[in-house]
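Data block below; observations after.
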Amino acid sequence: MTKDKKIVFACAVRNCEYYLNKVYSNILKFTSHFNEYKIVFSESDSQDNTTQVINELKEKDNNINLLSLGNLDYYIPQRTCRIAYARNAYLEHIQKNYSNYDYLCVFDCDDRSSEEITLDA
């Protein structure tokens, strides 16, 4: 049983404005199975309203953390290297702040995780 466990959900995001509310809704479906949860978004280089949407979610849910990594395009031109950098940033944040949590669940914040998820699945 996971009711006594704590979980961190982590997401590397860039230009995910359109999907964030749906992904957040899917994450919330899992949180009822845990005693505590945190959500860590690691963002860089968004050209849309990704950070604004995350900040709006943060206003409703104090379990959300936003790591703003700024504009990495110039320093890290390869997409896969930027993704690795963003993932390492959230892993470092989680190790520093939530090392006592039991689980880590990584979510994509684009169309991959925006389709409605059911707990039965």
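Predicted, not measured: the structure shown is a model, and the values here were computed from it.
- If you chain together hydrophobic residues whose side chains sit under 4.5 Å apart, Ile83 and Tyr75 never meet in one group.
- Side-chain contact between Leu69 and Tyr85 is present, with heavy atoms from C-beta onward closer than 4.5 Å.
- If you take CG on Leu72 and CG on Asp45, they are separated by 5.0 Å, rounding to the nearest 0.5 Å.
- A donor atom on one side chain and an acceptor atom on the other are found under 3.5 Å apart for Tyr98 and Asn65.
- Hydrophobic clustering (ILVMFWY, side-chain heavy atoms < 4.5 Å, transitive): Ile27 and Val8 are in distinct clusters.
- Between the SG atom of Cys109 and the CG atom of Asn21 there is a distance of 11.0 Å, given to the nearest 0.5 Å.
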Compile the donor-acceptor pairs under 3.5 Å between side chains in residues 35-44 and protein atoms, sequence neighbours left out, one pair per line.
{"unit_1": "Glu36", "atom_1": "OE1", "unit_2": "Tyr101", "atom_2": "OH", "d": "3.0"}
{"unit_1": "Tyr37", "atom_1": "OH", "unit_2": "Asp61", "atom_2": "OD1", "d": "3.3"}
{"unit_1": "Tyr37", "atom_1": "OH", "unit_2": "Asp61", "atom_2": "OD2", "d": "2.7"}
{"unit_1": "Tyr37", "atom_1": "OH", "unit_2": "Asn63", "atom_2": "ND2", "d": "3.4"}
{"unit_1": "Lys38", "atom_1": "NZ", "unit_2": "Asn63", "atom_2": "OD1", "d": "3.3"}
{"unit_1": "Ser42", "atom_1": "OG", "unit_2": "Ala86", "atom_2": "O", "d": "3.0"}
{"unit_1": "Glu43", "atom_1": "OE2", "unit_2": "Ser46", "atom_2": "N", "d": "3.0"}
{"unit_1": "Glu43", "atom_1": "OE2", "unit_2": "Ser46", "atom_2": "OG", "d": "2.8"}

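- Rounding to the nearest 0.5 Å gives a distance of 10.0 Å between CG of Asn49 and CG of Asn15.
- Atom-to-atom distance recorded for Leu20:CG and Glu56:CD is 10.5 Å, nearest 0.5 angstrom.
- Within 6.0 Å of the OH atom in Tyr18, the count of heavy atoms belonging to other residues, nucleotides or ligands does not exceed 12.
- Put simply, OG on Ser32 and CZ on Phe30 are 9.5 Å apart, with the number rounded to the nearest 0.5 Å.
- For Asp48 and Arg14, the salt-bridge test fails: no basic side-chain N is under 4.0 Å from an acidic carboxylate O.
- Judged by distance alone, the side chain of Arg82 and the main-chain N or O of Asp73 form no donor-acceptor pair under 3.5 Å.
- Taking each heavy atom of Val13 and Ile54 in turn, the nearest pair found is CG2-CD1, 3.9 Å.
- Not one N or O on the side chain of Glu17 forms a donor-acceptor pair closer than 3.5 Å with the backbone of Thr50.
- Listed here is the closest heavy atom pair of Asp102 and Lys5: OD2-CA, 3.2 Å.
- Residues Phe107 and Leu67 do not share a hydrophobic cluster, defined by chaining ILVMFWY side chains whose heavy atoms lie under 4.5 Å apart.
- When side chains are defined from C-beta on, Leu28 counts as touching Thr31, because their heavy atoms get closer than 4.5 Å.
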Enumerate, atom names and distances included, each donor-acceptor pair closer than 3.5 Å involving a side-chain atom of residues 88-96, sequence neighbours excluded.
{"unit_1": "Asn88", "atom_1": "ND2", "unit_2": "Ala84", "atom_2": "O", "d": "3.3"}
{"unit_1": "His93", "atom_1": "ND1", "unit_2": "Asn97", "atom_2": "ND2", "d": "3.2"}

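- At a threshold of 4.5 Å between side-chain heavy atoms, the hydrophobic network of Ile, Leu, Val, Met, Phe, Trp and Tyr places Leu66 and Ile64 in one connected group.
- Side-chain atoms of Tyr24 and Val53, non-hydrogen and from C-beta on, never get closer than 4.5 Å to each other.
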Worksheet entry | Derivation and outcome, side-chain contact (heavy atoms from CB on, under 4.5 Å), residues Val106 and Phe9 | CA-CA 6 Å; Val106 176; Phe9 297 92; over 6 Å; no
